[in-house]
Amino acid sequence: MNQSSFLLCANWKMNKNPEEARTYIQQITQLVPKEKQNNFIFFAPALTLSALRQECAHTSFGWGAQNCHYEDKGAFTGENSPLVLKQMGATHCLVGHSERKQFFYEDEILIQKKVKALLKHSIQPVICIGENAEERKKGNSFQVINTQLHGILKNIEFFNSICIAYEPVWAIGSNQPAKSEQISDMQKHIKKLCESEKKNLQFLYGGSVNEENVHTLSQISGVDGFLVGGASLDPQKFFNLSQT
Ligand code: 13P
């Protein structure tokens, strides 16, 4: 990893019960030196967040939820309050993951509300964007990213640094990460879009990052970190990603 601030973000998705989360954090705490721990962020399912919080309390790891609502409280059965996340001490929250879009029909209007709610509570949103296979095949990737990003960012005035995870849908869980050139082109494109909104970009890549490809992917200029699904589920394997 070429930068000391390179981020490794674990998206556990709907995996790990509280006990498993505790064991995981205990194990990875033994592996990652204290001064490097703030380069690691764990996104756990809601039912596991209390356990994650307790284990992370003795560490410098970042942690947070995979989703939240945009209201602090109220009649929203089954949702996660951003206010409670703040009260628990969460540092980050994923928003707009493609699985939320695919299975729970989230759109840019909703995602933007969530981003605003998180910023209000000073929780760093990690905003996921990415085109699907058909959009890439038709040559529409950049246009799709424009639409997604403008929809989420417009009228957000009150922050100047933004964390975007570019996760092409076709690369997620497919064992086929995007090519270095595709990631680099998209990084430049997104950076330009953010600059036009006068925002600094922290750019993460996600989609089939693993021990075999992490070295190549970490060489891409402008990539500030990874958002990792499958290869984050084992603490040793996830730690190994930082050893390239
Ligand atoms: P995989 O690393 O399993 O492809 O998942 C990527 C992802 O969706 C992270 O948010």
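One is the number of the first residue; the rest follow in order along the sequence. Just follow the structure's listing: the first ligand is 1, and inside any ligand the first atom is 1.
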Original post:
Is there side-chain contact between Val32 and Thr59, with at least one heavy-atom pair below 4.5 Å?
Top reply: no
**OP:** Report yes or no: does Arg100 contribute a side-chain atom to a donor-acceptor pair with the main-chain N or O of Glu106 at less than 3.5 Å?
**Re:** no
Original post:
Partners of Lys138 by side chain to side chain donor-acceptor pair (under 3.5 Å), sequence neighbours excluded?
Top reply: Glu134
Subject >> With sequence neighbours excluded, residues passing ring-ring contact (aromatic ring centres under 6.0 Å, His included) with Tyr24 >> reply: Trp12, Phe42
**OP:** Sorted by first residue and then second, give each ring pair (Phe, Tyr, Trp, His ring centres under 6.0 Å) pair with at least one member in residues 172-195; sequence neighbours left out.
**Re:** Phe142-His189
**OP:** Please determine, by modelled atom types, if Gln26 and Glu55 share a side-chain donor-acceptor pair under 3.5 angstrom.
**Re:** yes
**OP:** Could you please provide the protein residues found below 4.0 Å of ligand 1 on a heavy-atom basis, arranged by chain and number?
**Re:** Asn11, Lys13, His97, Glu167, Ala171, Ile172, Gly173, Gly207, Ser208, Leu227, Val228, Gly229, Gly230
